[in-house]
Asker: 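Below are the structure tokens for one structure; questions will follow.
Chain letters run A, B, ... following the sequence lines, proteins first and then strands; every chain starts at 1. Every heavy atom of this structure was used, including side-chain atoms; hydrogens, water molecules and symmetry mates were not.
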Amino acid sequence: MTLLLDDEQRMLRDSAQQFLATRSPVSALRALRDRGDERGYDPEIWREMADLGWPAAVLPAEFGGLGVGYKGLGAVFEQVGRTLAATPLLSTVVLAGGLLAEAGSASQRDLWLPKIGAGEALLALAIDEAPRHDPTQVTLRAWREAGHWRLDGQKEFVLDGHVADRLIVVARSADAPGHRNGLSLFLVDPAAAGVQIERTWLVDSRHAARVRLARVQLDDAALIGAPDLAFDALDCVLDRARACVAAELLGVITEAFGRTVSYLKERVQFDVPIGSFQALQHRAARLYVEIELLRSCLAAALEAADAGADGAAALASLAKARASDLGERTLNEAVQMHGGVGVTDVLDIGLFLKRARVLQQAFGDGTFHRDRYASLRGF
Amino acid sequence: MTLLLDDEQRMLRDSAQQFLATRSPVSALRALRDRGDERGYDPEIWREMADLGWPAAVLPAEFGGLGVGYKGLGAVFEQVGRTLAATPLLSTVVLAGGLLAEAGSASQRDLWLPKIGAGEALLALAIDEAPRHDPTQVTLRAWREAGHWRLDGQKEFVLDGHVADRLIVVARSADAPGHRNGLSLFLVDPAAAGVQIERTWLVDSRHAARVRLARVQLDDAALIGAPDLAFDALDCVLDRARACVAAELLGVITEAFGRTVSYLKERVQFDVPIGSFQALQHRAARLYVEIELLRSCLAAALEAADAGADGAAALASLAKARASDLGERTLNEAVQMHGGVGVTDVLDIGLFLKRARVLQQAFGDGTFHRDRYASLRGF
Amino acid sequence: MSGIDEFRAEVRRWLEANCPASMRTPITNEEMVWGGSRVSFQNEDQRIWFERMRDRGWFAPDWPSACGGGGLGPREQRVLEQEMLALGCRLPQYNLGIWMLGPVLLEFGTAAQKSEHLPRMARGEVRWCQGFSEPNAGSDLASLRTAAVRDGDDFVVSGQKTWTSDGDKADWMYALVRTDPQAKKQQGISFIMVDMKSPGVTVRPIELISGTSGFCEVFFDGVRVPAKNVVGDINQGWGVAKRLLEHERAAMSKFTEGGAPSLDALVVAAPYLAGGGPVWRDRMAAALMDQHAFSLTARRLQEMALAREDVAGPGSIMKLVQSEQESAKYELLQQLMGHRGLSMEGEGFTADERAVCRLWLYTKSYTIAGGASEIQLNLIARRVLGLPA
Amino acid sequence: MSGIDEFRAEVRRWLEANCPASMRTPITNEEMVWGGSRVSFQNEDQRIWFERMRDRGWFAPDWPSACGGGGLGPREQRVLEQEMLALGCRLPQYNLGIWMLGPVLLEFGTAAQKSEHLPRMARGEVRWCQGFSEPNAGSDLASLRTAAVRDGDDFVVSGQKTWTSDGDKADWMYALVRTDPQAKKQQGISFIMVDMKSPGVTVRPIELISGTSGFCEVFFDGVRVPAKNVVGDINQGWGVAKRLLEHERAAMSKFTEGGAPSLDALVVAAPYLAGGGPVWRDRMAAALMDQHAFSLTARRLQEMALAREDVAGPGSIMKLVQSEQESAKYELLQQLMGHRGLSMEGEGFTADERAVCRLWLYTKSYTIAGGASEIQLNLIARRVLGLPA
């Protein structure tokens with residue numbers, strides 16, 4: 001048990017850094033945006049990432065998993081954040097792969113996990129409905145009808161939902177909104193009758209989907225795990241995703257902060273580098289302090305995810321809350337400290353700002369996770 | 001209608017300033033504390049304040065009121081804050097005098113208002129029960145029994161309750177806690193059977209009382225206003241008190257801030273005045289900005305109190321919320337900027353810090369008043 | 001009836017008779033008419049109102065008639081403003097030239113400069129832009145480098161300006177250029193007027209993080225500008241510019257009157273507050289209270305000014321507070337909206353949601369442009385609090 | 001069984017046999033035994049444990065036996081610490097001399113100084129205090145003014161020290177004094193040892209805003225101190241003091257082990273959170289998460305140090321974060337308690353309420369003492385981020 005990376009994880013991180021620097025630097029995202037890419041990621045790059053083993057990183061060993069755990073994958077996510085690389089890693093691997101590995105039937109696992117590990121299938125999790133994340137509030141209905149399941153309702157902010165081969169839909173099969181009990185998971189083909197997918201263009205040049213299910217009919221094989229009892233597996237997988245998003249945010253934050261500190265050293269006004277102004281120095285130092293604190297929280301959250309430890313949920317909330325808030329603060333400061341040029345599209349800072357906001361909202365912001373942390377601590 | 005003082009109000013303020021500087025400087029509070037004064041104010045000074053007309057300032061004209069309004073009295077409170085002068089002005093004049101003038105019977109007014117105006121009687125309002133201020137949550141019970149009223153329950157944080165000739169007790173005569181309806185006001189003689197008064201020593205060297213009423217029997221003449229319907233008058237008078245407390249806080253804040261800016265100019269470290277360090281400059285400038293904003297809010301709250309305007313409640317909450325929060329922030333910064341000497345008792349800064357905290361809690365802190373403001377704005 | 005009352009009555013009669021009803025409604029950004037050679041009107045009422053005010057000389061009511069102005073004294077000008085406000089008359093045109101350059105030309109300009117430029121300005125025929133900021137001269141404007149080298153009767157100008165509002169739509173630019181590279185920073189700068197049609201001038205719009213903007217970069221590549229276009233003495237341009245910037249606040253106030261788009265926070269927030277819970281409600285209340293405090297301070301400032309009290313202190317906070325509050329407002333709304341605040345374009349989001357996302361990004365510039373917050377804090381600390389440099 | 005394992009077994013046997021059961025429970029501030037001429041014990045077990053450890057030489061286990069120490073090597077010393085921790089043994093005495101001055105004397109002291117001071121220290125016979133800060137030398141320690149003027153074999157010391165912990169209880173002080181008023185700030189300072197019983201020494205306790213404290217002002221009025229009491233070379237005291245301060249962190253860690261009083265925020269807050277509503281709950285969660293983040297960072301730092309990674313970066317934040325969090329914690333509790341957090345003394349308030357109010361005031365010094373937050377931020381900005389001076 002350690003907060004530090006082991007040698008294998010370190011190697012994975014270093015190779016990710018090298019790969020991304022050459023194959024998917026920030027300019028790649030800019031190009032994706034400027035050409036109005038409809039997918040929101042580059043399939044060729046994704047294939048190369050698969051060759052590096054990223055989608056297999058946390059798969060069970062029998063499906064070719066690398067065994068580097070979430071600490072290893074988190075290190076990759078941090079590097080992904082540093083270059084704003086567009087990948088379906090979170091939706092396909094952490095969320096969908098995680099749910100199938102955690103709760104899927106043998107046949108579901110056998111069919112999908114190898115494809116996921118090979119980077120040959122894309123999947124997405126359809127969970128959020130309201131503007132703000134809250135899994136217990138799911139209202140999309142699932143019910144039995146004539147030997148089948150029926151799903152009816154609407155999902156929003158389905159990351160990569162517009163390119164997914166399959167959706168995992170969180171539905172309410174029992175109890176009222178607000179309850180943990182009564183949630184079920186379904187594997188849904190986007191081509192099925194009654195499924196309507198609408199691509200939405202997000203501010204970070206990536207896409208999400210709005211998904212409408214109109215009395216969609218599914219057979220029992222579509223159910224993942226036991227009906228009504230999906231919450232625990234879902235919550236556990238969401239916590240891993242929250243930790244991975246926090247890791248990506250840490251990458252976004254450290255890169256933007258590093259660029260800002262460099263700018264403070266270079267930019268001369270009033271005949272001195274602006275980084276010599278004490279007010280800016282103290283603000284930069286405060287950001288550094290928060291980054292170091294976040295790094296510790298994140299390492300602990302990833303470690304706990306790997307260990308399946310009791311405190312994993314609280315640590316995931318701790319990491320995601322701090323990452324969300326620090327992303328907001330650091331990028332706002334980065335823009336302000338860059339001055340006029342900071343609000344122009346020529347600089348990359350704006351791209352980091354935008355990505356940080358999407359990640360801030362993904363699977364709960366600071367307010368959500370402080371609330372959750374308080375509940376977990378029993379108050 | 002103006003946010004500025006008229007000539008008469010200005011004269012009142014200037015004479016208050018002069019009086020306090022000579023008769024009740026900060027050293028007077030320190031002396032009060034060091035001798036463990038049991039009253040928590042100096043009767044001689046209070047008599048002189050009465051000679052200056054302060055307790056009569058906002059009385060109805062027929063009782064010799066000065067007609068300077070709450071804007072005038074607020075200007076006095078601000079000066080009071082600057083020297084931390086210990087006076088029963090708030091409890092006796094604004095709260096008790098205000099309630100009697102607003103809701104009292106003719107005989108109650110005729111008996112008490114002249115005494116209040118002459119500084120010859122001290123009164124106190126017993127309202128808070130829980131740790132945090134909230135008038136609707138009053139639970140102290142009042143009920144009719146054999147042609148009398150009975151009161152039973154407990155009050156805390158009764159400012160000047162230990163020296164009051166009479167207490168005005170807010171009691172619940174109908175409805176459940178949380179309701180505005182069902183509150184009644186009673187004038188209670190602290191010497192009455194069943195009344196127990198316990199002096200508590202507050203951190204600002206002033207006192208408050210805990211009051212226990214054990215089935216205290218009162219006759220109808222003790223009732224102020226109509227039974228069950230006290231809330232509106234109470235709320236209106238509380239808002240004036242909130243504005244006056246905000247005014248006193250503004251005085252505390254500006255004096256502490258002024259002393260801090262002076263210290264920044266004088267104190268030399270690293271061969272320069274520490275006020276030349278930009279990080280401290282920006283923090284001081286931020287405080288100045290907030291002080292100017294508070295000054296505007298306070299002027300508007302006092303103006304609205306005088307006009308009995310519709311927006312008076314929202315403005316009182318605005319002023320009290322900002323004053324409470326800024327008191328906290330300014331005094332913490334003042335201590336920090338004074339460095340080591342700032343945490344010693346030799347300096348007055350600690351006395352300002354302590355007084356600001358008591359005023360922060362008096363009749364609602366920032367959180368309470370943001371909540372109230374939101375309700376008043378309809379959300 | 002005194003002379004001023006008569007004037008007031010006459011102004012009101014004229015406005016009532018001449019200002020079309022549709023020109024008495026609140027104006028939106030899109031409806032502003034900008035003077036200049038490429039002036040355009042969206043409807044006939046705009047044109048009528050523009051021409052009638054122009055012909056009355058009331059584009060520049062306080063300028064001498066000889067310069068094309070209305071020849072009004074200060075009291076009369078104030079009456080005109082009051083009556084326009086009372087009737088809700090829109091400004092007939094927007095024009096940096098009249099509001100900022102004009103007063104400076106009246107003070108520093110040569111007779112030839114006045115007669116060449118003021119009447120055309122006053123008729124709304126020329127649109128001016130400002131060329132002060134440069135990539136390396138932002139907060140520290142005096143470090144500007146655009147060079148103007150004397151060559152016979154001309155200066156040859158080379159360099160780059162940035163953050164020029166509507167540089168791509170302007171006819172002329174007034175600019176600061178360095179005419180003496182040896183002199184100390186503030187010295188050696190001249191104030192010069194440049195025809196934007198001159199060979200060697202290139203204009204490129206600046207793309208912001210919120211999308212396209214009215215700001216431009218302007219490049220000068222050996223642009224010949226007649227030496228007679230220098231306003232004030234050569235190398236004394238810093239003083240001219242300082243004077244001009246004193247007119248900036250007054251000019252800016254005409255814009256806020258006009259209504260830069262600012263959403264009503266509470267109206268926009270309402271649907272999201274319902275599901276947001278008490279913590280978001282607390283934040284929303286704090287934001288509204290901030291706005292309330294600011295508007296009360298604006299009122300107090302006005303009353304102080306009327307009472308001839310010294311407003312240097314409270315006046316020094318206004319730019320800082322307004323820009324930070326406006327930016328903070330969209331921060332709050334954007335986050336309150338959750339994932340619905342994450343798109344500037346396309347389907348699947350409401351118009352309010354897209355507007356909030358765009359304005360959240362756009363208002364990031366508020367705390368940077370026109371004297372960054374850090375500069376404002378420096379000024380408060382040094383000038384108001386008297387803290388040592 | 002290797003030598004070190006044998007040593008471990010032997011240490012454990014000895015501790016089990018010699019450390020009284022009551023000395024194996026967590027210690028409170030009040031139960032700390034401070035060595036020195038006025039050492040006192042609250043019970044017999046304290047005395048027994050003190051004397052046994054003293055006689056074993058384990059007040060200073062790593063010092064040479066000749067100086068009265070235990071003569072242990074680094075590995076053995078670590079074993080002793082581990083075993084004491086494992087058995088929960090209290091520190092037998094607290095002593096600034098051993099932890100801070102001792103190592104410096106071992107490095108810089110003369111043979112005579114070592115033989116005069118170290119054995120007495122190691123037997124817990126002398127209580128030392130530190131005389132560094134002065135009223136005009138706080139963050140800027142090098143501007144100290146207390147003068148030591150050579151007069152024959154003595155220095156004559158005049159001036160004032162402040163923030164001297166337990167100055168009124170100490171036998172000796174190690175202090176920085178200015179021996180060359182002409183030299184530049186850091187030069188001209190000497191490190192000197194002063195007997196507090198010397199004529200001309202006056203000690204006055206400092207009253208804090210939270211009440212009485214252990215801090216004192218110490219006045220020197222022509223105090224004669226033998227020149228042989230200077231540690232290191234004359235005018236080279238700055239370097240000695242820097243070395244000494246490197247031992248401060250290690251020394252401070254012994255205190256936190258001992259348990260400076262720190263209330264469990266959640267336990268204390270619980271009764272007030274119930275009536276406080278969701279906004280206070282949000283703040284409470286934020287505070288607990290801050291604490292959690294800090295303790296995880298302390299753990300990460302430890303792991304990095306063990307892995308021989310560079311800890312300069314994360315290490316630089318610890319003092320700042322811990323002091324600010326501790327202060328913020330009491331800010332929160334004090335306000336959460338409403339008016340019940342407003343009294344330090346007397347009836348009508350619970351012990352927790354009075355403690356929170358007192359600690360709220362006391363912890364204000366945390367962000368000032370031992371390197372104010374502003375100094376910490378300067379260091380992070382300059383040394384870690386490499387921002388220019």
Asker: Could you please state which residues from residues 208-215 of chain C sit under 4.5 angstrom from chain A, measuring non-hydrogen atom to non-hydrogen atom, sorted by number, or 'none'?
Answerer: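 Listed by number, the contacting residues are C:Leu208, C:Ile209.
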
Asker: Out of A:Gly339, A:Ala208, A:Ala209, A:Gly342, return the one with the most heavy atom pairs under 4.5 angstrom to chain C.
Answerer: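 Among A:Gly339, A:Ala208, A:Ala209, A:Gly342, the one with the most close pairs to chain C is A:Gly339.
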
Asker: With a 4.0 Å cut-off, would you call A:Glu266 and A:Arg259 a salt bridge?
Answerer: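 Looking at A:Glu266 and A:Arg259, the cut-off is not met.
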
Asker: Would you say A:Gln269's side chain and C:Ser139's backbone share a donor-acceptor pair under 3.5 angstrom?
Answerer: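 Pair found, side chain donor or acceptor close to backbone of C:Ser139.
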
Asker: Parallel under 30°, tilted from 30 to 60°, perpendicular over 60°: which one fits the rings of A:His162 and A:His207?
Answerer: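 Correct class here is perpendicular.
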
Asker: Are A:Pro135 and A:Ile127 close enough that some pair of their side-chain heavy atoms sits under 4.5 Å apart?
Answerer: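 SC-SC contact between A:Pro135 and A:Ile127 confirmed.
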
Asker: Measure the CZ-OG1 distance between C:Arg340 and A:Thr200 for me, rounded to the nearest 0.5 Å.
Answerer: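 Between C:Arg340 CZ and A:Thr200 OG1, I get 9.0 Å after rounding to 0.5 Å.
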
Asker: Is it the backbone or the side chain of C:Ala137 that comes under 4.5 Å from a heavy atom of chain A, or both, or neither?
Answerer: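 Contact with chain A involves the backbone of C:Ala137 alone.
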
Asker: Tell me, for C:Leu342 versus chain A, whether the close heavy atoms (under 4.5 Å) come from the side chain, the backbone, both or neither.
Answerer: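 Both parts, backbone and side chain.
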
Asker: Heavy-atom pairs under 4.5 Å with chain C - which of A:Val358, A:Leu347, A:Ile349, A:Asp134 has more of them than the others?
Answerer: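 Heavy-atom pairs under 4.5 Å are most numerous for A:Val358.
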
Asker: Check each atom of A:Arg210 against the heavy atoms of chain C and say whether the ones under 4.5 Å are side chain, backbone, both or neither.
Answerer: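 The side chain, not the backbone.
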
Asker: As an exercise: rank A:His133, A:Gln137, A:Glu198, A:Arg267 by heavy-atom pairs under 4.5 Å with chain C and give me the winner.
Answerer: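 Most heavy-atom pairs within the cutoff with chain C belong to A:Arg267.
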
Asker: Would you give the length of the straight line joining atom CG of A:Leu353 to atom NE2 of A:His338, rounded to the nearest 0.5 angstrom?
Answerer: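 Taking CG in A:Leu353 and NE2 in A:His338, the distance rounds to 12.0 Å.
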
Asker: Is any residue of residues 366-379 of chain A within less than 4.5 Å of chain C by heavy atoms, and which ones?
Answerer: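 Against chain C, the residues of residues 366-379 of chain A that fall inside the cut-off (heavy atoms, under 4.5 Å) are A:Thr367, A:Arg370.
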
Asker: Tell me, out of C:Gly346, C:Ala372, C:Pro135, who's got the most heavy-atom pairs with chain A below 4.5 Å.
Answerer: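 Option with the top pair count is C:Pro135.
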
Asker: Please determine, among C:Met344, C:Gln334, C:Glu345, the option with the most heavy-atom pairs under 4.5 Å with chain A.
Answerer: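 Heavy-atom pairs under 4.5 Å are most numerous for C:Gln334.
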
Asker: With rounding to the nearest 0.5 Å, note down the distance linking NZ in C:Lys169 to OG1 in C:Thr164.
Answerer: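 Reported value, rounded in 0.5 Å steps: 12.5 Å.
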
Asker: Check C:Arg354 with C:Glu347, please: is the shortest side-chain N to carboxylate O separation under 4.0 Å?
Answerer: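 Answer for the salt bridge query: no.
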
Asker: Rounded at 0.5 Å granularity, tell me how far CG in C:Leu245 sits from CG in C:Leu141.
Answerer: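 C:Leu245 atom CG to C:Leu141 atom CG measures 7.5 Å (nearest 0.5 Å).
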
Asker: For chain A, which of C:Trp163, C:Phe349, C:Tyr272 has the most heavy-atom pairs under 4.5 Å?
Answerer: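 Max contact count across the listed options: C:Trp163.
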
Asker: Mind ranking C:Glu207, C:Gln335, C:Lys364, C:Met337 by heavy-atom pairs under 4.5 Å with chain A and telling me who comes out on top?
Answerer: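 Greatest number of close heavy-atom pairs with chain A: C:Gln335.
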
Asker: Is A:Lys155 salt-bridged to A:Glu129, going by a charged N under 4.0 Å from an acidic O?
Answerer: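 Yes, A:Lys155 and A:Glu129 are salt-bridged.
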
Asker: Quick check on the interface: out of A:Val346, A:Asp271, A:Val341, A:Val268, who has the most heavy-atom pairs with chain C under 4.5 Å?
Answerer: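 Heavy-atom pair counts peak at A:Asp271.
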
Asker: So, taking the atom named CG in A:Asp160 and the one named CZ in A:Arg206, what distance separates them when rounded to the nearest 0.5 Å?
Answerer: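 Result: 6.5 Å between the selected atoms.
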
Asker: Quick one: are A:Gln336 and C:Thr367 in side-chain contact, heavy atoms under 4.5 Å?
Answerer: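 With C-beta onward as the side chain, the pair touches.
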
Asker: Is chain C contacted by the side chain of A:Ala279, its backbone, both, or neither, given a heavy-atom distance below 4.5 Å?
Answerer: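 It is neither, since no heavy atom gets under 4.5 Å.
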
Asker: Within the side chain of A:Lys320, is there an N or O that forms a donor-acceptor pair under 3.5 Å with the backbone of A:Gly364?
Answerer: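 Yes.
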
Asker: So which of C:Asn378, C:Leu361, C:Val279 has the biggest tally of heavy-atom pairs under 4.5 Å with chain A?
Answerer: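 Highest number of pairs under 4.5 Å: C:Leu361.
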
Asker: In terms of heavy-atom proximity below 4.5 Å to chain A, should C:Ser365 be classed as side chain, backbone, both, or neither?
Answerer: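 Both parts, backbone and side chain.
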
Asker: Is the closest basic N to carboxylate O distance between C:Lys329 and C:Asp290 below 4.0 Å?
Answerer: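 A salt bridge is absent here (no side-chain N lies under 4.0 Å from a carboxylate O).
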
Asker: State, with a plain yes or no, whether a side-chain heavy atom of A:Pro177 is found less than 4.5 Å away from one of A:Arg172.
Answerer: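 Yes, at least one pair of side-chain atoms sits under 4.5 Å.
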
Asker: If you round to the nearest 0.5 Å, how far is CD of C:Glu134 from CG of C:Leu144?
Answerer: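 One finds 4.5 Å between CG of C:Leu144 and CD of C:Glu134.
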
